[in-house]
Amino acid sequence: MKLLNYPLIALSVFACSPVIVVADTVSEAVEAAKKAPRNQALNRAAGDALKEAGRYKESIQYYMRGGNAGNLGAAEASYYAYDFDGAREYLDKYLAKRTKAEAEKDNQFVGSSTGEQTDWTEFLGDRISIGRSMLDRVENIEIIDSVNVPSDQFFTFVRLAQSAGTLAGHDMVEKIVGQNEMASLGVGDIMQPAFVTERGDELIWVGSDNNGNSLMAESSRLADGSWDAPVKLFDYASLFGNTSGAWVDYPFLLNDGVTLYFASDGDESLGQLDIFMTRRDEDGFLQPSNIGMPYNSPFNDYLYAIDEETGAGWWVSDRNRLTDSVTVYTFVPKEMRVNYPVDTPDLVARARVSSIHDTQEEGKDYDALRRAIDNVYERRRVAVDDDFRFQLPDGRVMRRLSDFNSPMARKAMEAYLAEKKEVDSLKSRLATMRGEYGRGARTNGGEILRLEKILEQRTAGLIPLSNEVISLEM
């Protein structure tokens, strides 16, 4: 199954993986350019190395000694530095002097979204225009936290209350959506995360095909606990009305059951994946709108979620270009969008999220919000006054045998609980013996080792019992 693996925008062309440049490579390229200041190729190589290392402003001085092709590199570097006016100026200089050979090379660019050959300068120019427009409407938000996490499991770090729904892995979707249903929709892979509503009766998920396209689908749980055949919600073309993109992913549905946030590529995106919002009516989903900066960037921005119970918002981005990692931001959403004035001195820094601290109100205490997030997360993790707590992959939490719809699942749960009771008893016995051993009862050593092996085996045996409960119920 595919995970979060959408390609980054490369810094000279759009590639399928991030370019990581080690310090030695950058310093060597820069030193070579310094020793030969009139060598255009070496200066462009130094500019490329600095740009790919995220040192965009530094790269421009070398591009300026790199001939006309250096103007294109400077345009790209300025774009990633959010200097969209400068990027347009450098791009225009390049186009004014572009040779036939350079034009042929530019036209060999193949967009990773559509697979179609196009002119790289046109593609870049469109993104520059989008960036200039977005800088006029950067939302004023307060970011209270950020954490860099593994990209394939980022959704497990988005700590939502039960009332906001659940972000679930592809294993859960596989149990609900069979191979035949996937084939009928034309998809062969399930992406994660999927979104499950508060009651666990609606699943919104994404599947991809071998051509690099994706579609969003919905599965609904029936009254008897079974799941109806999934239905297609939309793909890129059906939602946006054109074929400039190929990807829709990372769904999150608000509690109103109408407002859907998701990520997509195409002509309306600043980077590759941008976050969009759409609403559903009786005829389907309306034309989506890009939610702008600071949520979207020249890189990939994946998930946007709002927890109305805690009053916290979350979004995920790879703008920091960390190997196999993304950044999860926690912020304070407002009821009405308020943008920074266009003449704000540090507007670019706020759009880029250069400093979380600078987004916060001076003297304001965010501990209450942090505690609210921790509390709802803990409530999801530990149930109080229940016979037991057993969470299903679709988000339902079973607390009593009567919660199960399937009689066979109830029997399987009884077997699981009986074995878990034995395991817990064994853990308690071992804890007592270890305490005695620590107080000098050295004759217990051999028995402790024997029981530890038994505990390891029986703990591992809980996994197939748990999986059987899930399989029978879902």
Side-chain angles (χ1 to χ4, degrees), residues 8-14 19 47-48 50-64 66 68-98 106 109 111 113 118-141 244-245 263-276 289-301 315 317-321 337 339-355 358-359:
L8 287 169
I9 297 180
L11 301 181
S12 291
V13 293
F14 280 31
V19 180
D48 288 343
L50 288 165
K51 182 179 61 179
E52 290 167 355
R55 296 159 62 178
Y56 308 121
K57 292 184 179 179
E58 292 179 62
S59 71
I60 293 177
Q61 62 179 308
Y62 293 95
Y63 281 130
M64 291 298 90
N68 188 46
N71 285 317
L72 180 57
E76 295 165 354
S78 298
Y79 163 72
Y80 290 105
Y82 286 64
D83 178 11
F84 302 113
D85 289 334
R88 184 74 256 178
E89 182 178 346
Y90 287 125
L91 184 59
D92 288 343
K93 287 182 179 179
Y94 171 73
L95 291 172
K97 298 180 180 180
R98 183 168 68 167
D106 294 338
F109 164 64
S113 301
T118 187
D119 188 329
W120 163 242
T121 63
E122 292 182 7
F123 192 91
L124 177 61
D126 289 343
R127 268 58 199 170
I128 291 170
S129 296
I130 292 173
R132 292 173 70 176
S133 175
M134 281 190 179
L135 270 182
D136 290 338
R137 47 188 179 88
V138 179
E139 186 173 354
N140 183 345
I141 63 171
S244 68
S264 187
D265 57 7
D267 284 345
E268 303 300 319
S269 297
L270 170 63
Q272 284 237 36
L273 289 180
D274 272 20
I275 299 168
F276 290 81
S289 59
N290 189 310
I291 67 172
M293 294 177 180
Y295 312 106
N296 291 319
S297 71
F299 300 96
N300 286 312
D301 301 281
W315 98 89
S317 175
D318 68 14
R319 68 188 63 196
N320 295 318
R321 302 185 64 234
R337 179 176 179 125
N339 295 332
Y340 288 106
V342 295
D343 58 352
T344 300
D346 58 349
L347 184 61
V348 168
R350 294 181 182 273
R352 296 178 64 179
V353 193
S354 299
S355 168
D358 289 347
T359 71

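Only heavy atoms go into these numbers, but all of them, side chains included; no hydrogens, no water, no symmetry mates.
- Counting only heavy atoms from C-beta outward, the side chains of Ser297 and Arg352 never approach each other to under 4.5 Å.
- Of the charged side-chain nitrogens involved, none lies within less than 4.0 Å of a carboxylate oxygen, so that Asp358 and Arg350 do not count as a salt-bridged pair.
- Between Leu91 and Gly125, the shortest heavy-atom distance links the atoms CD2-CA, 3.8 Å.
- Looking at Val138 and Pro294, their side chains come closer than 4.5 Å, going by heavy atoms from C-beta outward.
- Counting only heavy atoms from C-beta outward, the side chains of Ile141 and Thr359 never approach each other to under 4.5 Å.
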task = Decide ring-ring contact (aromatic ring centres under 6.0 Å, His included) for Tyr63 and Tyr90; before the verdict, give the C-alpha distance in whole Å, the side-chain angles of both, and the deciding distance to 0.1 Å.
result = CA-CA 10 Å; Tyr63 281 130; Tyr90 287 125; 9.0 Å; no

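- Contact record, Tyr340 with Glu139: CE1-O, 3.4 Å, taken as the closest heavy-atom pair.
- Leu135 has its side chain out of reach of Val342: every pair of non-hydrogen atoms, C-beta onward, lies at least 4.5 Å apart.
- To the nearest 0.5 Å, atoms NZ (Lys93) and CG (Asn71) are separated by 6.5 Å.
- Using a cutoff of 4.0 Å between basic side-chain nitrogens and carboxylate oxygens, Asp106 and Arg98 are scored as salt-bridged.
- To the nearest 0.5 angstrom, Ile60 atom CD1 is 3.5 Å from Ser78 atom OG.
- Residues Asp83 and Lys57 are not in side-chain contact: their nearest non-hydrogen atoms beyond the backbone lie 4.5 Å or more apart.
- Here Leu124 contributes atom CG and Ser129 contributes atom OG; the two are 9.5 Å apart, rounded to the nearest 0.5 Å.
- Note that the OH atom of Tyr94 and the CD atom of Glu76 stand 9.0 Å from one another [nearest 0.5 Å].
- Residues Phe299 and Gln272 have side chains not in contact (no heavy-atom distance under 4.5 Å, counting atoms from C-beta outward).
- Relative to the ring axis of Phe84, Arg88 does not place its NZ or CZ within 45° and under 6.0 Å from the centre.
- For the side chain to side chain contact (heavy atoms under 4.5 Å, CB included) test with Ser244, the passing option among Asp267, Thr118, Asp265 is Asp267; the others fail.
- Partners of Asp274 according to the side-chain hydrogen bond (donor to acceptor under 3.5 Å, both in side chains) rule, which considers only residues two or more places apart in sequence or in another chain, are Asn290.
- With ring centers used as reference points, Tyr79 lies 6.0 Å or more from Tyr56.
- Of the possible donor and acceptor atoms, none in the side chain of Ser269 sits under 3.5 Å from a partner among the backbone N and O of Gly271.
- In this structure, Met293 and Tyr82 have side chains that are in contact, with non-hydrogen atoms separated by less than 4.5 Å.
- By the 4.5 Å heavy-atom criterion applied to side chains, Tyr295 and Asp301 are not counted as neighbours.
- Expressed to the nearest 0.5 Å, how far CD1 of Ile275 lies from CD1 of Ile291 amounts to 4.5 Å.
- With rounding to the nearest 0.5 Å, the separation of CG in Asn296 from CH2 in Trp315 is 9.5 Å.
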